[in-house]
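Structure first, then comments.
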Number of protein chains: 2
Amino acid sequence: MAAQRGEGDAVVATPRNPADAEVRERARAIPEAAVARLAVYLRVLSGMVDQGVTTISSEELSSAAGVNSAKLRKDLSYIGSYGTRGVGYDVEVLVSHIERILGLTRKHSVAVVGIGNLGHALANYGGFPSRGFPVAALFDIDPDLTGVPVGGIPVNHIDDIATVCAEREVSIGVIATPPQAAQAVCDRLVSAGVQCILNFAPVVLQVPDNVEVRKVDLAVEMQILSFHVARRADEAAGEVVNGVGVDGVVIRP
Amino acid sequence: MAAQRGEGDAVVATPRNPADAEVRERARAIPEAAVARLAVYLRVLSGMVDQGVTTISSEELSSAAGVNSAKLRKDLSYIGSYGTRGVGYDVEVLVSHIERILGLTRKHSVAVVGIGNLGHALANYGGFPSRGFPVAALFDIDPDLTGVPVGGIPVNHIDDIATVCAEREVSIGVIATPPQAAQAVCDRLVSAGVQCILNFAPVVLQVPDNVEVRKVDLAVEMQILSFHVARRADEAAGEVVNGVGVDGVVIRP
DNA sequence: CCGACTTTGTGCAAGCGTTCACAAGCGGTA
DNA sequence: TACCGCTTGTGAACGCTTGCACAAAGTCGG
């Protein structure tokens, strides 16, 4: 209630640029999978800019990003037609359009909750601020941590989530707590008005429809890898009867 | 040569259990998306075991895992028919079958490369060993770190990847290095025989076909969330012309 | 033993996302 | 200006995933 986020700002933005309406329409239609890839393209393109590359073809960019070139072109077509046939894409133009679609023209302040090992690492991680995601607040339930600076930012007590998030205009909450605490922390973030959550805790969070959750689950990732190890071992066991693996490449020399 | 992982093992394993061939066939056919969900089900089920729950219906389990119940049943059907109509699934039976399919009956030793902030957090993360993924080796390029114990394990120099990984039968490599070093580290892991890699570095790794890579990319996750923030702001801006956003919650105060 | 009720397992159709293939468009060249 | 070669942008086909809906199969009470 207190921290109702936003009232005048976004509204004024509407009539500012005549192309905005079109951008909005496109953004609505972009498949989730394509959004994830756009972020990857953006990173590759940023590297290109640093190398002084000014133009790039879909073939080059797609192989650098590890995808099919047709897929790349289709992904880019979701955000508009900014290539030149016979030539390729202007790197800087592409960068700025992807940034616009991904909403990177705004700053997105981040709050990290749970200052354990992972929370420390996140608070100190340089990749966030450099890409427009400044870490604006840290929270922990341990009173001894309150006020202690981590990565240059003093830790707040978790009870102050609502006020601090409002003050610092936090738009993304990162949950790095133990699993038992994650749902409660999530609820607090949501009621503090945070609508986007990145969850590192190994639990399935229950949130209202208007909140977006992405999860990073190490255990799941490891188990998927484990599955592939097992599948491979089984295949090898099934197709060879003794000694060497299926394609001559066994586990180790 | 020295520590050939399961040379005899995997091979002899074949005829051991008559059901193995069937398990192998099923495993081959499970869609990747379903594998990821199976890992989630497994975690929920483990929690159920701890609570003393012995039986669970697809409806209960699916809502706890945040998926559709039909999808859950289909996922479980990939690994076999282990439910009882009219009753549900026996929790322990399900756990053991999912564990078998995911290959969790073997130990999967993990090597972490890059002992910075994230590497420290990973080395100290309790979730790995408890789930059958013991951290068996740590590597860094900094000679000053060599021999220093982190999370109880002494750090090795990166030049020793091949020998140490062989000795300790590492099957999963975790890359937590800066992006510039990631590809080189990856190449070393691959030539050391590691076939599964979990990559935290923000780069697209190039690997041979027989190597499985999963990536955890914080920047991409943040940018996807950013996209949703922007989309929401746009929708709000598009649907209201003055004053309050679509559901009363706009960007900033 | 039977019938009512519950829940699984799955055929089928709809929806997405990916891939192919090619027309359209642009720069360069004579 | 007209042609040529190259690369984009996209319609259409394909395949994977999801969700529905229901028959099959079991339990439980009488």
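Side-chain atoms are counted along with the backbone in the values below, which use heavy atoms only and exclude waters and symmetry mates. These numbers come from a predicted model, not from an experiment. Per chain, numbering begins at 1; letters A, B, ... match sequence-line order.
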Separation of [N] [atom2] from [X] [atom1] (nearest whole Å):
X       : N      : atom1 : atom2 : result
B:Glu60 : C:dT7  : CD    : P     : 8 Å
A:Tyr82 : D:dT10 : OH    : C1'   : 16 Å
B:Tyr78 : C:dG11 : OH    : P     : 12 Å
A:Glu59 : C:dT19 : CD    : P     : 13 Å
A:Leu76 : C:dT18 : CG    : P     : 14 Å
A:Leu94 : D:dT8  : CG    : P     : 10 Å
A:Asp75 : C:dT19 : CG    : C1'   : 12 Å
B:Lys71 : C:dT8  : NZ    : C1'   : 18 Å

Return no unless some side-chain N or O of [X] is found under 4.0 Å from OP1 or OP2 of [N].
X       : N      : value
B:Asn68 : D:dC20 : yes
A:Tyr89 : D:dG9  : yes
B:Thr84 : C:dT8  : no
A:Arg73 : D:dG11 : no
B:Ser58 : C:dT8  : yes
B:Arg85 : C:dT10 : no

Inset, instruction - With the side chain of B:Ala70 defined as its heavy atoms from C-beta on, choose the nearest nucleotide among D:dT7, C:dT18, D:dA21. - result: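 Closest of the options to the side chain of B:Ala70: D:dA21.
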Legend entry - Polar side chain donor-acceptor pair, A:Arg73 to A:Ser58, under 3.5 angstrom: yes
Inset, instruction - Classify the side-chain pair B:Asp90/B:Tyr82 by whether it contains a donor and acceptor separated by less than 3.5 Å. - result: no
Inset, instruction - Return the 5'-most residue of the pair A:Gly86, A:Ala33 with respect to DNA chain C, ranking by each residue's nearest nucleotide. - result: A:Ala33
Inset, instruction - Look at the side chain of B:Lys74 and the base of D:dG19, then say whether one donor and one acceptor between them are separated by less than 3.5 Å. - result: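 Checked by distance alone, the answer is yes.
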Inset, instruction - Step through the shown structure and confirm whether more than 12 heavy atoms of other residues, nucleotides or ligands are within 6.0 Å of CG on B:Asp209. - result: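 Counting other residues, nucleotides and ligands, CG of B:Asp209 stays at 12 neighbours or fewer.
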Legend entry - Under 3.5 Å: donor-acceptor pair, side chain of A:Ser226, backbone of B:Leu102: yes
Legend entry - Donor-acceptor contact present, side-chain B:Arg43 to main-chain A:Pro202, <3.5 Å: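 Yes.
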